[in-house]
Amino acid sequence: MRLGYYAGLVVLLALLGLGSHAWRMRGESRGDEQAYPPRAAMSVQMPTLAPVPAMTPEPVVWTWPLEGEVVAGYSPDVPVWSETLGQWQTHPGLDISGSPGEAVYACRDGVVSEVCSDRLWGNVVVIEHDDGYRSTYAGMNTLEMAKEGDVVKQGQVIGSVGQSADCEAERGWHIHFELTKDGVPVDFGLLVS
């Protein structure tokens, strides 16, 4: 009797399982569209974002400190003859000729870090710029136009052409102009060409 009970229970469970399976699968084997419709995929509407423009830095623009003839070029590695000193020496800047008292301009925005009178270079103004750049204007006429700590704009008058650099006296009225980046001389002519 027990065996019949368990056999009946197994048959009943098998029939329930088959019925359940048939119920879930109905219509799939027939291609019947009356079967459960497929679940619609959830669609999420994403907001449309405006494209973000690429962040490119503004190009650095330099201007000449003086419009004049370059009478001695940039030569930081190869010695050139100095008429004044009568010797060969390097020249890590440019000598730009001008008329006595002609205006000298800041080549770029910056802060005046030094204004001094040097025994060899005469009247000197030094400006610190962004990105480790430093411009030096030597041989100026006077030191009355720029003061240490002044914030200067590109093209602002910072001095005038002089003849105060004793080490370059044979070159006449001019300024000696140097540009460095992190203490290393830079050929200014390549930046403005």
Side-chain angles (χ1 to χ4, degrees), residues 50-80 82-85 89-193:
V52 177
M55 299 300 289
T56 55
E58 290 289 323
V60 175
V61 178
W62 298 89
T63 57
W64 285 94
L66 171 67
E67 289 188 30
E69 180 185 352
V70 174
V71 293
Y74 176 79
S75 185
D77 301 318
V78 179
V80 293
S82 167
E83 304 87 11
T84 304
L85 300 176
Q89 62 186 42
T90 59
H91 194 253
L94 300 171
D95 291 344
I96 307 168
S97 69
S99 303
E102 184 178 351
V104 174
Y105 307 96
C107 66
R108 188 171 154 203
D109 294 356
V111 177
V112 177
S113 62
E114 187 177 349
V115 176
C116 67
S117 186
D118 183 84
R119 197 179 101 233
L120 292 176
W121 291 107
N123 297 322
V124 179
V125 174
V126 179
I127 300 175
E128 300 289 336
H129 308 283
D130 290 338
D131 303 328
Y133 284 101
R134 168 188 265 196
S135 57
T136 302
Y137 311 75
M140 306 258 270
N141 194 29
T142 66
L143 296 174
E144 298 169 3
M145 296 182 189
K147 303 288 182 237
E148 286 184 23
D150 284 354
V151 175
V152 294
K153 292 291 186 188
Q154 184 175 34
Q156 181 177 332
V157 176
I158 57 165
S160 61
V161 173
Q163 203 174 18
S164 65
D166 287 343
C167 65
E168 295 184 344
E170 294 295 318
R171 295 208 175 114
W173 291 83
H174 75 284
I175 63 160
H176 174 85
F177 176 74
E178 290 185 22
L179 184 69
T180 60
K181 179 168 175 48
D182 301 322
V184 178
V186 174
D187 186 352
F188 185 74
L190 294 178
L191 293 176
V192 292
S193 297

Q. Which heavy-atom pair separates V125 from A146 by the least distance, and what is that distance?
A. CG1-CB, 4.2 Å
**Q.** Spatial distance of atom CE (M145) from atom OG (S160) [nearest 0.5 Å]
**A.** 4.5 Å
Q) Can you tell me how far CD of Q163 sits from CE of M140, rounded to the nearest 0.5 angstrom? A) 15.0 Å
Q. Tell me, which pairs form a salt bridge (charged side-chain N to carboxylate O under 4.0 Å, His left out) where one or both residues lie in residues 147-164, sequence neighbours left out?
A. D109-K153
Q: Kindly determine whether N123 and N141 satisfy side chain to side chain contact (heavy atoms under 4.5 Å, CB included), including the steps that lead there.
A: CA-CA 7 Å; N123 297 322; N141 194 29; 5.8 Å; no
Q: Any chance you could measure S164, atom OG, to L120, atom CG, to the nearest 0.5 Å?
A: 11.5 Å
(Q) Does any part of the side chain of D130, heavy atoms only, come nearer than 4.5 Å to the side chain of R108, both counted from C-beta? (A) yes
Sequence neighbours excluded and cut-off under 3.5 Å, please list the side-chain donor-acceptor pairs for residues 94-104, or say none.
unit_1, atom_1, unit_2, atom_2, d
D95, OD1, H91, NE2, 3.3
D95, OD1, H176, ND1, 2.8
D95, OD2, H91, NE2, 3.2
D95, OD2, R171, NH1, 2.5
S97, OG, E69, N, 3.4
S97, OG, E69, O, 3.3
E102, OE1, S99, N, 2.9

Q. When rounded to the nearest 0.5 angstrom, what is the spacing between SG in C116 and CG in L143?
A. 7.5 Å
Q: Give the minimum heavy-atom separation between T63 and A106, together with the two atoms involved.
A: OG1-O, 3.8 Å
Q: Return the minimal non-hydrogen interatomic distance between P76 and T90, and the atom names on each side.
A: O-CG2, 3.4 Å
**Q.** Passing candidate, ring pair (Phe, Tyr, Trp, His ring centres under 6.0 Å) with W64, options Y137, F177, Y105, F188
**A.** F188
Q: Identify which one of H129, E128, E178 satisfies the side-chain hydrogen bond (donor to acceptor under 3.5 Å, both in side chains) criterion when paired with R134.
A: E128
Q: To the nearest 0.5 Å, tell me how far L179 CG sits from L191 CG.
A: 6.0 Å
Q: Kindly compute the distance separating CG (L66) from SG (C107), expressed to the nearest 0.5 Å.
A: 12.5 Å
Q | Heavy-atom pair with the smallest gap, counting every atom of I158 and V152 | A | CG2-CG1, 4.2 Å
Q. Considering residues, nucleotides and ligands other than Q154, do more than 12 of their heavy atoms fall under 6.0 Å from its CD?
A. yes
(Q) Tell me whether E168 contacts the main-chain N or O of H174 through its side chain, where contact means a donor paired with an acceptor under 3.5 Å. (A) no
